[in-house]
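Taking it in order: structure first as structure tokens, then the write-up.
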Amino acid sequence: MEITPRILKGFRDFLPSGEIRRKQLIRILEDQFHAFGFVPIDTPMLEYAQVLLGKGGGETDKQVYRFEDHGGRDVALRFDLTVPFARYMAMHRNELYLPFKRFHISKVFRGENTQRGRYREFTQCDFDIVGTETLSSDLEIVLMIVSAFEALRVPGVTVHLSHRGVFNRFLRHHGAQDRGEEVLRVVDKLRKVGREATLEALTELTSREVAEKALAFIGAQGTYGEILTTIEDLSGGPGPESARLRELGAALEQLVPAGTVLLDPSITRGLDYYTGVVFETFIKGAENIGSVCSGGRYDDLVALYSRESMPGVGASIGLDRLLAALEELDVGTGEPAAVDLLITMQDTELTAHYHELARTFRAAGLRVEVFPEQQKLGRQFAFAERKGIPLALVCGAEEKASGTVNLRILADRENRENLKPEEARQLAVQLIRNPEK
RNA sequence: GUGGAUGUAGUUCAAUGGUAGAGCACCAGAUUGUGGUUCUGGUUGUUGCGGGUUCGAGUCCCGUCAUCCACCCCA
């Protein structure tokens with residue numbers, strides 16, 4: 001009985017073209033993280049459920065893949081990389097130095113319903129700075145976000161910035177701190193349900209007066225400075241939280257292109273462990289995909305696993321959403337090249353010669369493969385094209401005798417003939433390095 | 001998890017309850033060392049899967065799986 005080949009909802013296979021694309025993006029991100037001084041770490045996919053769920057009870061509970069292992073342990077697949085990182089810091093702080101900057105690119109799992117760019121198994125690219133709570137670390141995370149998307153050649157992004165603390169201060173100022181979570185939830189739907197419905201829902205939670213002020217808070221308009229002043233006034237005047245936002249805004253004005261970072265008081269949400277600045281990043285023209293990079297400051301998270309607390313700030317790029325957005329914008333699609341040169345097989349008698357040639361071209365830094373069967377040249381060229389290989393080497397008995405090879409440029413359908421292998425190598429390297437020439 | 005839409009060849013799409021089709025792609029030949037055009041011929045399939053109604057189901061009904069959209073939440 002043959003088993004039906006199938007995979008679970010929200011889980012995916014990747015064909016080479018898709019996986020090569022993912023790996024390209026990951027490589028670019030890794031280079032950028034290294035450039036900022038972040039170092040790589042890894043943690044287990046599977047952990048004790050108690051560790052991952054922490055305080056528990058929240059929405060994340062329902063989304064976690066959780067089961068009993070063969071030893072009767074209550075285990076769960078990680079649903080993000082930040083919570084395991086907090087556990088990691090609590091366990092390894094004596095082996096590390098502070099401030100500690102790490103990046104972590106790996107898969108996480110959430111058992112929620114799927115949509116475009118939303119899967120049950122997906123890749124997050126996290127970067128965090130722990131052990132310091134300065135302006136510099138908040139600033140660097142935002143700069144890291146902006147630089148990462150620049151390096152990825154994303155045409156334009158908008159980082160929406162806010163501060164959990166300012167909103168909490170607002171709630172406290174109006175004696176509504178105990179309704180914080182509910183208010184946040186209602187506030188978050190403002191754009192979808194409209195002003196009136198939101199006002200009504202907020203009035204039920206608090207009072208008409210507070211509801212109107214809450215709407216004024218989250219709907220504040222104007223420049224970064226004007227919005228900041230508005231929410232500062234509504235939350236009872238200046239405080240350390242709004243001061244941080246002011247400093248951050250001033251620094252960013254100097255460091256990133258205008259319009260890249262917006263102060264957006266409606267971005268007060270986020271996972272419940274955030275305590276300070278929070279951000280969400282949208283790709284211009286693909287806002288419907290949702291935030292492709294979110295994060296914030298979490299000064300109490302490590303305290304869950306350790307007597308000592310440790311401040312932290314970080315963000316996470318959603319690789320699969322990013323890919324969905326790039327696809328929507330039609331950026332960087334097309335078959336990516338994984339191989340530079342195909343050595344065609346003209347004559348099986350020369351098999352060893354072809355592999356000898358391959359070795360010398362590889363030594364010159366090229367990615368080379370030998371076609372394993374003697375077929376019509378046209379078929380071998382078609383194979384190269386299908387696989388995205390830009391160059392082909394042709395060498396039959398005559399060339400072998402005269403010590404030459406022919407190099408074919410697939411895209412132009414043109415040959416460079418009677419080249420000595422050394423000349424062909426130089427030419428191939430040059431063509432690969434400068435493909436437009 | 002809730003609600004809605006969709007599911008036919010590798011792909012994009014047709015087919016009043018009555019023989020499952022077309023373009024592109026693919027394969028063979030015209031063309032035994034050079035693939036983009038042209039011509040000739042050929043294969044496309046358990047109509048997502050499983051039941052039911054019917055003389056007869058791609059079509060109607062039920063279930064299931066998957067995708068997309070909205071909610072919820074979020075990367």
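Computed from heavy atoms alone, side chains included, the values below leave out hydrogens, waters and symmetry copies. Lettering of chains follows the sequences in order, A, B, ..., and the numbering in each one begins at 1.
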Which nucleotide wins on minimum distance to the side chain of [X], given the candidates [options]?
X        : options             : value
A/Lys9   : B/C73, B/A66, B/G1  : B/A66
A/Thr114 : B/C73, B/C74, B/U67 : B/U67
A/Arg413 : B/U2, B/A75, B/G35  : B/G35
A/Gln115 : B/C71, B/C73, B/U67 : B/C71

Exercise. Check whether more than 12 heavy atoms from other residues, nucleotides or ligands sit under 6.0 Å from atom NZ of A/Lys284, and answer yes or no.
Key: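 More than 12 heavy atoms, drawn from other residues, nucleotides or ligands, come within 6.0 Å of this atom.
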Practice problem: Considering only NZ, NE, NH1 and NH2 on the basic side and carboxylate oxygens on the acidic side, decide whether A/Arg416 and A/Glu423 come within less than 4.0 Å. | Solution: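 No salt bridge links A/Arg416 with A/Glu423.
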Quiz item: Does A/Arg102 come within less than 4.0 Å of A/Asp126, counting only side-chain N to carboxylate O?
Solution: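 Salt bridge between A/Arg102 and A/Asp126, a charged N being under 4.0 Å from a carboxylate O: yes.
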Starting at atom [atom1] of [X], determine the distance to atom [atom2] of [N], rounded to an integer number of angstrom.
X        : N     : atom1 : atom2 : answer
A/Ile289 : B/C73 : CD1   : P     : 20 Å
A/Arg110 : B/C73 : CZ    : C1'   : 9 Å
A/Glu112 : B/U2  : CD    : P     : 15 Å
A/Leu319 : B/A75 : CG    : P     : 15 Å
A/Ile283 : B/A75 : CD1   : P     : 15 Å

Taking [M] as the reference, what is the distance to [N] when you measure between their [atom1] atoms (whole Å, please)?
N     : M     : atom1 : answer
B/G52 : B/G1  : C1'   : 29 Å
B/A25 : B/G36 : P     : 11 Å
B/U37 : B/U64 : C1'   : 49 Å
B/G23 : B/G17 : P     : 25 Å
B/C71 : B/C61 : C1'   : 28 Å
B/G4  : B/U44 : P     : 39 Å
B/A9  : B/G42 : P     : 22 Å
B/A15 : B/C73 : C1'   : 42 Å

Quiz item: Stem ranges for RNA chain B, with three or more consecutive Watson-Crick or G-U pairs under 3.5 Å?
Solution: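 Runs of three or more consecutive pairs: B:1-7 with B:65-71, B:10-13 with B:21-24, B:26-30 with B:38-42, B:48-52 with B:60-64.
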Atom pairs under 3.5 Å: protein N/O with N/O of nucleotides 41-51 of chain B:
none

Quiz item: Do you know the tightest heavy-atom contact between A/Tyr88 and A/Leu96?
Solution: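 What the structure gives for the nearest pair is CE2-CD1, 4.1 Å.
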Quiz item: Contact class for A/Gly117 (heavy atom, under 4.0 Å): base, sugar-phosphate, or nothing?
Solution: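 Base, at least one base heavy atom under 4.0 Å.
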Quiz item: How do A/Thr281 and A/Asn113 order along RNA chain B: which one's closest nucleotide is nearer the 5' end?
Solution: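 The answer here is A/Asn113.
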Self-check item: Nearest-nucleotide comparison on RNA chain B, the residue closer to the 5′ end among A/Arg379 and A/Asn288
Solution: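 The residue whose closest nucleotide sits nearer the 5' end is A/Arg379.
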Atom pairs, N/O to N/O, protein against nucleotides 29-34 of chain B, distance under 3.5 Å?
residue, atom, partner, partner atom, Å
B/G33, O6, A/Glu399, OE1, 3.1
B/G33, N1, A/Glu399, OE1, 3.1
B/G33, N1, A/Glu399, OE2, 2.9
B/G33, N2, A/Glu399, OE2, 3.0
B/G33, N2, A/Asn406, ND2, 3.2
B/U34, O2, A/Arg408, NH1, 2.5
B/U34, O2, A/Asn415, ND2, 3.4
B/U34, N3, A/Asn415, ND2, 2.9

